Structure formats: structure tokens, C-alpha cells
Engineer: 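If you scroll down you'll find the structure; I have some questions about it.
Here the structure is a predicted model, which means the values were calculated and not measured. As the structure lists them, so they are numbered: ligands from 1, and atoms in each ligand from 1.
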Amino acid sequence: MLRCILWVLWFTTISTCAEVQFPKFEATSSFNSSFTPDHMRYLRNETKSLFDHAWTSYMKYGFPMDEVRPITCEPYGPDVKDYTNVIRNDVLGNISSTLMDNLDTLVILEKWDDLEMALGYLYREKDSYFDKDVVVQVFEMTIRSLGGLLSIHTILSDSSLMKNLRFRQICQNYDGFLLEMAYDLGKRLIPAFKTTNNIPVPRVNLKRGVKGVPSSLQLETCTSGVTTPVLEMTLLSKLTGDLQFEKYTQLAFWKIWNSRSSLDLLPMTISPAESEWKDSITGIGASIDSFYEYCVKGSILFDDTHMWEVFKTSYKALMTHSVKGSPDEFTSLIFANIGSEEGLDATIWIDSLSGFWPGVQVLSGQLKDAIGTHMVFLKLWDYFQIIPERWNFLLPKEAIKSEEDTIGLEWYPLRPEFVESTYYLYQATHDPMYLQIGETVLNLFKTKFMAPCGFKGVQDVRTGSFQNRMESFVLSETLKYLYLLFDEQNEVFLHSKRMGDTNWVFSTEGHPLWFDYNTEKTFKGSNITPKKHEFVAEGHRENSMFKSFKGLFSTTRKLKDGTTKDITIEYIDDHEFVDPFQYKFDKCEVNPFTSGSTDFMKSSYYELDNLFNLDYEYSSHLYHPHYLPQTSLDNSYIELADDFYKRFTLFNPKLTCSLQSNTEKFDIFIGDKTSIRNNSLTLIPSSNTLWIHEFDNVRLSMELIQKGKIDSRHNYITQQQVETTNSRLVEGVLDPNITLYDASVRITRINGVFVKPEHELVVSRFTQDQLKRPGANKRKDRLTIYNSQVLLDGVVIENLRITD
Ligand code: DMJ
């Protein structure tokens, strides 16, 4: 107790005499790109100086309000005049959010004076800290403040994490009060989940509870909002022994999962009062992102196999229906927003938030997919020098009147996702290209984003204007991940061997979290008595919580035709049919680059033949805004930076590009497009045959193979190739409906499942009746059969055959 009082005094002294020293950063546009240990340490120190600038500015001009305005140096908090201003008020609870969100950052950056200062303040204020008459969003409060408190509590409860004397002293002085604060906050948030249907309302009033929130603010919530708090809340239950947090958030999680579509996809908007989905759109970005993230991280943190199954099922569904690109060929991969019921494109955009996805792909062992997905965000950065909030990549070319039409939402509040994924990819591959990306971002923070009192995000990428806002995640995530990216020598405690043996994760807000089943360390000194053994040992480890939910309730989902369908909690059974992705999660992929993994002076990035496929395919959708250099050869285009290229291709210069496909691509449907099935395919590996069980309710993605064009396998299509395919019919074009010409068609995906070059498709139970069914395209009789060969509009489908 005495020590904590000292902290209070210390805080008062330091805060009055500290003067903000604006750091002097060189406005560099060139790179060092050597990435030697010295250079890496320099980059880390530079990042730390950036953090210092933002932190000291906040403490001087923003604190104790939630944020500091980076351009005008004013404090920034909730909009007290307009409670419906949820965009602002959801994250700003008048609780010094920037401080709450960065306690663990202070440890990672070893800023001991600042940490002691912050702890002193919190200790003094703790009893009434959250007793504020403000309406906040439960999700944001959970990830930023609850997660922040749990993280710093866990860190300070284990003085063996670091040898640093100051750290050890702080740990010795720590009496567990941050867990008490987390417990207090948890109790203020959890009433949102105590609804009759187990679907939480989105907001609470920190002082007055759910009743203190106008009902107009409780109409809709999103999938992330319902399913994400499960991680922090479950941890809170484990640390405090109070089971309510885990119980209610798990109920919400599983209830939502069991309301998934027949394609194993979850929509994104829910009406808590009506207990039904408000849309049928899904994807990986805003409103659903952290659902997937926490399936993986929850499974790591709590050894939870059920969460892992949910992730695998979701991932396979996304790889089937949402992904664009060719995962097997190492192209860039875009995960589009699609209809959750039928898998068709539902929006023309992807968003900046989906930049987190490569990080989750790395964590789940899908390294090759991660590299391909990350490449998309790299390209966006190359062209726009930020990631626009939304990019209209599916806007039809003919609808683009001005290149600015390709920007769906124009801002970039210095979000962390691109840097976060870059950090994960560097950890997994050690390819210096990811450091080059980091150095580029760092230089932009030193120049473009630098503001008198922190860092300014971009308000409008089309004009280059800035916003007078610095959200807490700029420090707690963007700068933290940048700092960690440059930690080549594993000097930061998170990268130590000790932590390597711990199942720790970054929360979705960048807070390191872990829970040790076997030690009491995390409870040290707390006034709360954890009921660890009653709950943890036989409880969650065996997933008995999940089992006990089975049959507890059923829910009813309204279908589009107005009828209802009962959904009961169920186990995740194996699929009936052989799953084309069945081996996908068998093991974590190691570095998929073919060479260079051990050679630090070589970037394997240039081995990617499809490095520029996105530039080509979306040449109408990617442009350099007028205020940026218009050339790609001035080092702003990261993977073409001259110095880097010369240095990191030293022993094997190679930059080749595959031919870019220009064939016509289209989809046809057989039967009802809203009833396509997920698992109507069986892969017979011995013969590389994909068996289509029933040729009904099928979506076929096709490619027109025409001589002179380049197919999606990057091959030039010759006359001979087409003739060979058609030779099966040459004996006579007997059917007058068949008009054989210099082309064939190829099926590239069936109900979203990719057909590989080596696969032959076989269909049985294929009747003339089925053939003549009008598809969604309303054209009759498109399909005919001749000699076991299926033809589309008289053109041979080269990889489909019929068995008797
Ligand atoms: C952060 O608050 C978290 O990363 C969250 O999960 C998503 N959005 C922001 C940053 O963009």
C-alpha cells in the first residue's frame, strides 16, 4: 500500500515538471534497407521515439480525457451534448482510454517512469474509476479497457518475465488492484449479455447499466460485438472465479454459431430484440473480423478444441465461397463480401479492417494463404500510401467515371491491421521484404503522419487531407507492432524463450494475454479469491461448459420465405462428404518460399511469379492520388524499391512475372442458386477425381478457353490445344444444336471449390431433365451431352465427364 501512495506522489511531481520535447525526425525519403542488427535497433529506437512523442503529448495535452487531438493539442472525450453520436461515444468513456489501452505498451517499450506514473494515477482513482454516467459500447470497452487491464495485471503478476530491476520492483509493489478494476468493469459490462435470448445488447451506461441506455441505441449489434467479448470475459472468469462472465458470453457465442447458414457462414448484423439476423452479408472485415480472430486465439489461450473447430469450418467456408484468386498458385487473394446463404458477391468493396486476416492466417498455419492475402494490402499501400477504409475493387470498369470512384470510404485513421499482419509474416518467414514494409511505414510516421501532438490519420485519401484525431490503437497496436517487427534479436520479453513456452496471444487490441493453468502466479496479491480449481481444472479444459449448453435452449430462425426453422445447439460433426480441404489444417505450413529462408541477404518475395497480377487485374481500380508521385519507380512502391532489390537479390537476381490471364470468366447455375450446397463434392485422391454427387443446385465458375488468349493458369492457349480438346467430337457434330468452334470451356470452381488442373470432374445421375432445367441465367438448354462429354452452348466442357 505504501508503495502505491508513493506512486501517487511521483505522478503529481512528474506531471507538473515534464515538458514535451518534440522529437526531431529527419524527413527521409530514402531507405537504409540493410537490416543489420544495428540498423534494426535503430529502427526500434526510432519507433520508440515516435511512441514517446505521442504518449508525452497525450499526457500533457489530452490526459485525463480519452485522447489528445494531434493537430490542435486539445483533449478529446465523449460528445456530452449528443448521446446519439455513437461513432465518437462508443469508444470514449471518459476513462482516459489512451492510458487504459497502453499500460502493457509501456512495459513492452520499457517506459518505467511512465508506467509508475500511470499506475499511481489508477491506484488513486480505482474505486470510482468506471462509475461514470456515460453510454459506451460493450465490445469496444471490452477490447480496449478490460483487455488492457487483464494484460497489465497478468504481466505485473509475474516478476520472472524480465530481469530488468525496475520491472521487478514494480511487480513487487503490485498488489492486484488492476484485477479488481477489471472485475469492476466486467460487472458493469456483463448485464448487456443477460438478456432473455442470450443475444447481448450493444451498449451499457457504465454507471446506470442497461437501463441507462436509450432503446434507440440498442436496435442492432454486429457479429463481432456478440461473439468477441468471450475471450476477455472468459479470462476474467478464470482469474476471478466468478463464472458469470464466461457463462453469458459463451452462451452468446454458441448461439450465434448455431445460427450459421447452410454454407457455414455467419451474417454480420443482428437485432437483439427480435433475435434474428438483419442482413445476409458476410465477409472477413468490419463487423465480423474478430469473430474469426478469437476462434483461433481462444483455442490457443484456453486449449479449446471447439473454438478451433469453429475456425476451421469458417475458414473452409471462406476459402470456398469468399476467396478470389488462386490459392494453389500463390496469387494475391481477396476475400470478398458475399451472401451468407448462397455465396454470391454482395458488395463491391473490401475494407481496411480485413488487413488483420493474414495475421490470423499465419497463426492458424495457413502461411501461403497469408502471403497472398497480405499482398493485396501491400498493393493498396503502394498506390495510396495508406489503406483506404473501403476499396471498390468490384466496381465494374464501365461504371468508373473517375478513378476516385474506386474509393468506397476515403479515410485512414492509422489503423494497425497492415502493420500487424506484416509483423506476423516476418515472424513466420523472416523475409526482409516485411522489414522493408515496416521501414516504409515508419518513415511515413516520421514525415507524413507526424503532428504537433501525436500522429494524424488521413481524412480523405482523394485530397490528401488529414484528421485531427489519434485513436488509442495508434499507440497500442500500430506503433507496438511496428516496434516488435524490428525486434530481430528478441530483446523484447514477448519474444523470449520463456514466453515461447507460454500459450500467449495478442488480443484483438494488441494486448498480450495468457493464462497459466498450473500456477497461482496471476492471482498474486489480489483481494479477490479465485475459484480456480472448481472451475478451471475439470471445467473448461474438458469443455464441459460447452457440453452443458447442449439442449439447453433452442432458437428459431426466420427464413426468407417467411417460414421458421428450429435450430438447436449441436456438436460439430464431421462432414458427410469428403472435404476438399480435409488436409488443410493437418499441419502448420512452414515457410512456403522455396529458397532464401535461411539466407538473410535474399528476399524470396521476388520468387513470386504473380507479384504483379493484382496490378494488372485491377489496373482500373488502383491509382496514385494526384498529390503523390505518379511513378512506381521512386521507391514509394515498396516491392520495387531500388536499393532493396539490388541488395536482397544479390546472389540470384530474379524478377519474373507470369502471363496475366485475359480469358472470359463467368458463372452458371444449375437449379436454384440460393440452395447451392457446401458439401456435394467428393474428392477421390487416387484418381484425382472430383465427384459431383448431384447435378442440381450447382454453381459452376467457368473460363472460356479460346485460342490466342491466356488462361487463368497463365498459359497461352494454342489452336492445337483447343483442337485436342474438341477432337472427341470431331467424328461428327451430329446434334444440330451443337456448334463446335475454336474454343472450349473449363470449370474452375464448383460451388466455390477450386478445381485443380489435375482434377477431372465426374457427374452421375445426370438426366436430360436436369440438363434442361433453366439456370439462374434463364437460358434454356445450355447444356447438352455427346459421347459422355458435356457441352455448354455447344462448346465442350473440357474437364467434365459423365458416368453411367
Ligand atoms: C482496433 O480497435 C481493434 O484492432 C479492433 O479489433 C478492430 N479495429 C481497431 C483498429 O482498426
Side-chain angles (χ1 to χ4, degrees), residues 54 66-67 86-93 95 97-105 136-151 202 221-233 268 283-298 301 350-360 363 377 380-381 386-391 409-424 441 445 449 454-459 467 469-482 484 505-513:
D66 292 303
E67 295 173 6
V86 288
I87 296 198
R88 179 164 158 188
N89 289 4
D90 274 354
V91 296
L92 303 173
I95 50 157
S97 305
T98 302
L99 181 135
M100 280 275 116
D101 214 358
N102 279 289
L103 296 165
D104 59 90
T105 323
V136 291
Q137 201 195 55
V138 175
F139 167 82
E140 293 290 354
M141 214 29 70
T142 302
I143 64 168
R144 297 190 194 210
S145 296
L146 182 59
L149 286 167
L150 293 174
S151 179
T221 187
C222 64
T223 302
S224 286
V226 175
T227 57
T228 299
V230 72
L231 188 129
E232 281 87 353
M233 291 287 185
M268 305 202 275
I284 57 164
S287 295
I288 196 164
D289 44 1
S290 46
F291 158 71
Y292 307 110
E293 182 181 356
Y294 272 14
C295 289
V296 177
K297 293 182 174 177
L301 196 56
I350 54 165
D351 61 23
S352 172
L353 284 155
S354 52
F356 83 107
W357 189 235
V360 169
L363 261 192
F377 298 95
L380 287 171
W381 195 279
I386 59 154
I387 313 286
E389 188 75 358
R390 281 184 187 168
W391 175 52
L409 292 174
E410 65 276 10
W411 58 83
Y412 174 63
L414 304 177
R415 289 195 186 282
E417 289 77 8
F418 177 50
V419 179
E420 174 184 349
S421 291
T422 303
Y423 159 72
Y424 278 98
V441 175
F445 263 87
F449 306 135
F455 300 99
K456 51 184 194 251
V458 169
Q459 183 57 38
Q467 51 185 211
R469 179 97 194 258
M470 180 176 69
E471 290 213 43
S472 57
F473 57 68
V474 179
L475 285 78
S476 74
E477 292 190 81
T478 314
L479 292 178
K480 184 188 288 168
Y481 286 121
L482 200 56
L484 290 169
V505 295
F506 279 116
S507 77
T508 188
E509 188 70 8
H511 302 303
L513 295 175

Engineer: Quick one: does S151's side chain have a donor or acceptor within less than 3.5 Å of a partner on G147's backbone?
Structural biologist: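 Absent.
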Engineer: ring-ring contact (aromatic ring centres under 6.0 Å, His included) for W357 and F377? Distances and angles first, verdict last.
Structural biologist: CA-CA 10 Å; W357 189 235; F377 298 95; over 10 Å; no
Engineer: Taking side-chain hydrogen bond (donor to acceptor under 3.5 Å, both in side chains) as the criterion, tell me which of H511, E471, Q137 meets it with R144.
Structural biologist: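 Single pass found, and it is E471.
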Engineer: Decide, yes or no, whether a salt bridge links E67 with R88 under the criterion of side-chain N to carboxylate O below 4.0 Å.
Structural biologist: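 Salt bridge between E67 and R88, a charged N being under 4.0 Å from a carboxylate O: no.
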Engineer: Using 0.5 Å steps for rounding, measure from the CG atom of D101 to the CG atom of L475.
Structural biologist: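 It is 8.5 Å, given to the nearest 0.5 Å.
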Engineer: Quick one, list the residues around ligand 1 where some non-hydrogen atom comes in under 4.0 Å, by chain and residue number.
Structural biologist: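 Ligand 1 is contacted, at a heavy-atom distance under 4.0 Å, by I143, R144, L353, R415, P416, E417, F473, E477, T508, E509.
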Engineer: Just jot down the salt bridge (charged side-chain N to carboxylate O under 4.0 Å, His left out) partners of K456, sequence neighbours excluded, or say none.
Structural biologist: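 With sequence neighbours excluded, K456 shows a salt bridge (charged side-chain N to carboxylate O under 4.0 Å, His left out) to no residue whatsoever.
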